[in-house]
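What follows is a set of notes on a single structure, which appears directly below.
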Amino acid sequence: MFKRMKEDIEVVFEQDPAARSYLEVILTYSGLHAIWAHRIAHALFKRKFFFLARAISQISRFFTGIEIHPGAKIGRRLFIDHGMGVVIGETCEIGDNVTIYQGVTLGGTGKEKGKRHPTIKDNALIATGAKVLGSITIGENSKIGAGSVVLKEVPPNSTVVGVPGKVVIQDGIRINKDLNHCDLPDPVADRFKEMQEELDRLKQELAELKEERIKVNGHSTL
């Protein structure tokens, strides 16, 4: 147990250059606290102490801002950076050496039964605000870009960006040159653009109607 806890602390020093001391990490890193609380809750969950397990997970959520269902299976050396708003569902499975940033959701797509949450393989990275939904697999060494919404399987050694998420790099080769991380789809901006175009069209029609009215009035006066 203490060996695993020491390993968790060492991961923080490896991943976060802001970590300065063991005391600081132990007392102030909410991601670390959430993982430790989950280990207790998961052990109780496996022994069918469902209410107690759920209570511990909710207390952990209150203090850390990270919600991990006690049924989720988490491997070794998970690093949750910052962590606020992270949600990990009941049937989610996370491998070893995975990194998750704040605002990530590993959730389901509805009310389906059975395995309904993602499987995250070893060495994957899920960036800020990404949503990985459904019973899909994120392959080993893959990266999910910030703000992406992933609904389909991701092969190993891939980089995914966009809404919906698309593989742009696989095995070090760029396979989607039309989608860059800095040019992610923005539905709000697209809607504003449509509204602006509609407004411009209405202004043009109004100007044409005014011109016709001026011609008619001018002609009748003559």
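Within the 3.5 Å criterion, the main-chain N or O of N123 finds no donor-acceptor partner in the side chain of N141. Judged purely by atom type and a 3.5 angstrom limit, S148 uses its side chain to pair as donor or acceptor with the backbone of G162. No donor-acceptor pair under 3.5 Å is formed between the side chain of H82 and the backbone N or O of M84. No donor-acceptor pair under 3.5 Å is formed between the side chain of K143 and the backbone N or O of V161. Using a distance-only test at 3.5 Å, with no hydrogens or angles considered, a donor-acceptor pair links the side chain of H42 to the main chain of P70. Without hydrogens or angle criteria, R47 side chain to A43 main chain gives a donor-acceptor distance under 3.5 Å.
Hydrophobic clustering (side-chain heavy atoms under 4.5 Å, transitive across Ile, Leu, Val, Met, Phe, Trp, Tyr) groups I26 together with F79. When the side chains of ILVMFWY residues are joined at heavy-atom separations under 4.5 Å, either directly or via intervening members, F45 and I68 end up in two distinct hydrophobic clusters. In the hydrophobic clustering of ILVMFWY residues, with side-chain heavy atoms under 4.5 Å counting as a link, I138 and I74 come out together. Taken together through direct or relayed side-chain contacts under 4.5 Å among Ile, Leu, Val, Met, Phe, Trp and Tyr, L151 and V163 form part of one hydrophobic cluster. One hydrophobic cluster holds both V98 and V160 under the rule that ILVMFWY side chains link at heavy-atom gaps under 4.5 Å.
When all heavy atoms of I66 and G31 are compared, the closest pair comes out as CD1-CA, 3.7 Å. Smallest separation of non-hydrogen atoms from H117 and C92: CB-N, 3.5 Å. Scanning both residues, A72 and G89, for their nearest heavy atoms gives CB-O, 3.4 Å. Minimum interatomic distance between A124 and G139 (heavy atoms only, all atoms of both residues): CB-O, 4.3 Å. Smallest separation of non-hydrogen atoms from A41 and S57: CB-N, 4.5 Å. Listed here is the closest heavy atom pair of I144 and A130: CG2-CB, 3.8 Å.
Partners of P156 under the side chain to side chain contact (heavy atoms under 4.5 Å, CB included) rule, at least two apart in sequence or in another chain, are E140. Applying the side chain to side chain contact (heavy atoms under 4.5 Å, CB included) criterion to T119, with sequence neighbours excluded, gives E93, K115, K121, T137. Remark: Q196 pairs with L199, D200 by the side chain to side chain contact (heavy atoms under 4.5 Å, CB included) rule, at least two apart or across chains.
No side-chain donor-acceptor contact under 3.5 Å links D122 and N97.
To the nearest 0.5 Å, atom OG1 of residue T64 and atom NE2 of residue H38 are 12.5 Å apart. The distance from atom CD1 of I120 to atom OG1 of T99, rounded to the nearest 0.5 Å, is 12.0 Å. Going from atom CG of L52 over to atom CD1 of I40 covers 10.0 Å, rounded to the nearest 0.5 Å. Distance CZ/R39 to CG/D8: 4.0 Å, rounded to 0.5 Å. Going from atom NZ of K3 over to atom CZ of R76 covers 6.5 Å, rounded to the nearest 0.5 Å. In this structure, L32 CG and L78 CG are separated by 10.0 Å, a value rounded to the nearest 0.5 Å.
A side-chain contact (heavy atoms from CB on, under 4.5 Å) with L106 holds for exactly one of V150, L133, I100, V87; it is I100.
Ionic pairing of E205 and R201 is present here: one or more N-O contacts between side-chain nitrogen and carboxylate oxygen are shorter than 4.0 angstrom. A salt bridge links K6 with E10: the closest approach of a Lys/Arg side-chain nitrogen to an acidic carboxylate oxygen falls below 4.0 angstrom.
Residues Q15 and D81 are not in side-chain contact: their nearest non-hydrogen atoms beyond the backbone lie 4.5 Å or more apart.
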Show your reasoning for whether side chain to side chain contact (heavy atoms under 4.5 Å, CB included) applies to I80 and Y29. CA-CA 9 Å; I80 302 177; Y29 275 67; over 6 Å; no
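The local environment of CZ in R54 is crowded, with over 12 non-hydrogen atoms from other residues, nucleotides or ligands closer than 6.0 Å.
Between Y22 and F13, the ring planes lie tilted relative to each other; the angle falls in the 30° to 60° range.
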